[in-house]
Amino acid sequence: TANNGKMWDTYQRTALTAPEDEWICVQVESVPEDGASGLLIGAGFVQKICGDFEGLTPGFWKNHVNCWVRTDYSPDDKFATIFGVSVTIDARGKNPGNSDPTLLEAISAGGGVNPDKNEYGALVRHAVAALLNAAHPDVNYPWTQQQIIDAVADAISGSGDAVTLKNMLDMYNNAGGGIDAHDNPI
């Protein structure tokens, strides 16, 4: 159901573009109560995940750096060192125009994703959260650390789709579960 109480229709089909994985093409439209043609809300390919996967949000990881210990990543690690690509972020006023952010600065980045303007704030936020989710032994994340690193490097370097990747990581990072704020399994 949409935020305004209207119903959304969702159409799915298996895409033939990724034979090794199952992908779903999703198109979401708002449909007025009178049944008239709806407004396209969004569309894209998302990887179908099966099983009980978990993921925690960028906000969780930003506010609970104590939970980073068992991931083997430090808030002070450099984004470019880990992901193999450089990115300039606006760390929400803390260090505007930061061209060498730490993972903690990256997970605090402001902005959305607009590759035409070299803006990747939302992608780097979700990339760091995804990496921490995948690295934590008590979070059952659907991607490995290397899959995340490779996909983010491709998206920022221009050979991947940054918007679709951000949306996919956002979905996975909002699965919930895994650990609590004290790094205890739940």
Side-chain angles (χ1 to χ4, degrees), residues 1-3 5 7-8 10 12 18 20-24 26 28 41-42 44-79 81-84 87 89 91-92 94 101-113 120-156 160-186:
T1 304
N3 289 341
M7 295 300 293
W8 288 351
T10 304
Q12 301 180 359
E20 295 175 13
D21 297 310
E22 188 171 352
W23 290 74
I24 300 172
V26 179
V28 180
I41 302 283
F45 289 99
V46 295
Q47 187 176 22
K48 181 178 181 182
I49 56 173
C50 299
D52 294 324
F53 290 105
E54 302 164 323
L56 300 161
T57 66
F60 174 88
W61 291 108
K62 179 177 83 169
N63 294 312
H64 300 95
V65 293
N66 60 301
C67 297
W68 294 40
V69 173
R70 293 194 296 145
T71 69
D72 291 329
Y73 292 103
S74 164
D76 296 324
D77 289 339
K78 295 292 188 171
F79 183 89
T81 301
I82 302 299
F83 286 93
V87 64
I89 63 163
R92 297 190 179 183
K94 296 177 185 162
T102 65
L103 293 182
L104 184 59
E105 290 168 333
I107 208 166
S108 302
V113 176
Y120 296 99
L123 176 58
V124 300
R125 280 194 308 274
H126 282 286
V128 174
L131 184 69
L132 295 170
N133 283 318
H136 198 285
D138 291 324
V139 178
N140 185 25
Y141 201 71
W143 280 15
T144 66
Q145 295 171 63
Q146 194 61 53
Q147 286 174 312
I148 295 161
I149 290 168
D150 291 345
V152 170
D154 287 348
I156 291 174
D161 183 340
V163 174
T164 299
L165 178 60
K166 189 280 297 180
N167 291 339
M168 188 179 314
L169 295 178
D170 185 357
M171 178 183 67
Y172 295 159
N173 292 340
N174 277 282
I179 57 173
D180 66 17
H182 304 287
D183 203 25
N184 298 312
I186 53 174

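- When all heavy atoms of Ala129 and Asn173 are compared, the pair lying nearest together is CB-ND2, 3.6 Å.
- Taken to the nearest 0.5 Å, the CD atom of Gln145 stands 9.5 Å off from the CD1 atom of Ile82.
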> Could you go step by step and tell me if Ile149 and Gln146 meet the side chain to side chain contact (heavy atoms under 4.5 Å, CB included) rule?
Replying inline: CA-CA 5 Å; Ile149 290 168; Gln146 194 61 53; 4.0 Å; yes
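- The salt bridge (charged side-chain N to carboxylate O under 4.0 Å, His left out) test applied to Asp183 returns Arg70, not counting sequence neighbours.
- Counting all heavy atoms, side chain and backbone alike, His136 lies closest to Trp61 at CD2-CH2, 4.0 Å.
- A donor-acceptor pair is defined here as one N or O able to donate and one able to accept, closer than 3.5 Å; such a pair exists between the side chain of Asn140 and the backbone of Asp52.
- Between Tyr172 and Trp143, some side-chain heavy-atom pair lies under the 4.5 Å cut-off.
- Shortest non-hydrogen contact noted between Val152 and Ala127 is CG2-CB, 3.5 Å.
- Here OG1 of Thr102 is found 8.5 Å from CG of Asp77. Values are rounded to the nearest 0.5 Å.
- In this structure, the side chains of Leu132 and Phe60 stay at 4.5 Å or more apart for every pair of heavy atoms.
- Under the salt bridge (charged side-chain N to carboxylate O under 4.0 Å, His left out) criterion, Asp150 pairs with no residue at all, not counting sequence neighbours.
- When all heavy atoms of Ala122 and Val113 are compared, the pair lying nearest together is CB-CG2, 3.8 Å.
- The shortest heavy-atom contact between Leu123 and Ala162 is CD2-CB, 4.0 Å.
- Contact annotation: the side chain of Lys78 never approaches that of Pro101 to less than 4.5 Å [non-hydrogen atoms, C-beta and beyond].
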>> The test is side chain to side chain contact (heavy atoms under 4.5 Å, CB included); show your working for Ile156 and Val124 and say whether it passes.
In response: CA-CA 9 Å; Ile156 291 174; Val124 300; 4.2 Å; yes
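- Of the possible polar contacts, none joining the Asn184 side chain to the Asp180 backbone as a donor-acceptor pair under 3.5 Å is found.
- Across all their heavy atoms, Ile148 and Ala134 have their closest contact at CD1-CB, 3.6 Å.
- For Pro75, the side chain to side chain contact (heavy atoms under 4.5 Å, CB included) partners are Val65, Trp68, Leu104, not counting sequence neighbours.
- Remark: Tyr73 engages no residue in a ring pair (Phe, Tyr, Trp, His ring centres under 6.0 Å) (not counting sequence neighbours).
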>> Checking Phe79 against Leu131 for the side chain to side chain contact (heavy atoms under 4.5 Å, CB included) test, could you report, in this order, the C-alpha distance in whole Å, the side-chain angles of both residues, the deciding distance, and whether it holds?
In response: CA-CA 11 Å; Phe79 183 89; Leu131 184 69; over 6 Å; no
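- With respect to Ile179, the side-chain contact (heavy atoms from CB on, under 4.5 Å) criterion is satisfied by exactly one of Leu56, Asn133, Ile186: Leu56.
- Every residue two or more places apart in sequence or in another chain that forms a side chain to side chain contact (heavy atoms under 4.5 Å, CB included) with Asn66 is listed here: His64.
- Residues satisfying the ring pair (Phe, Tyr, Trp, His ring centres under 6.0 Å) criterion with Tyr120, sequence neighbours excluded, are absent altogether.
- Not a single donor-acceptor pair under 3.5 Å links the side chain of Glu54 to the backbone N or O of Gly176.
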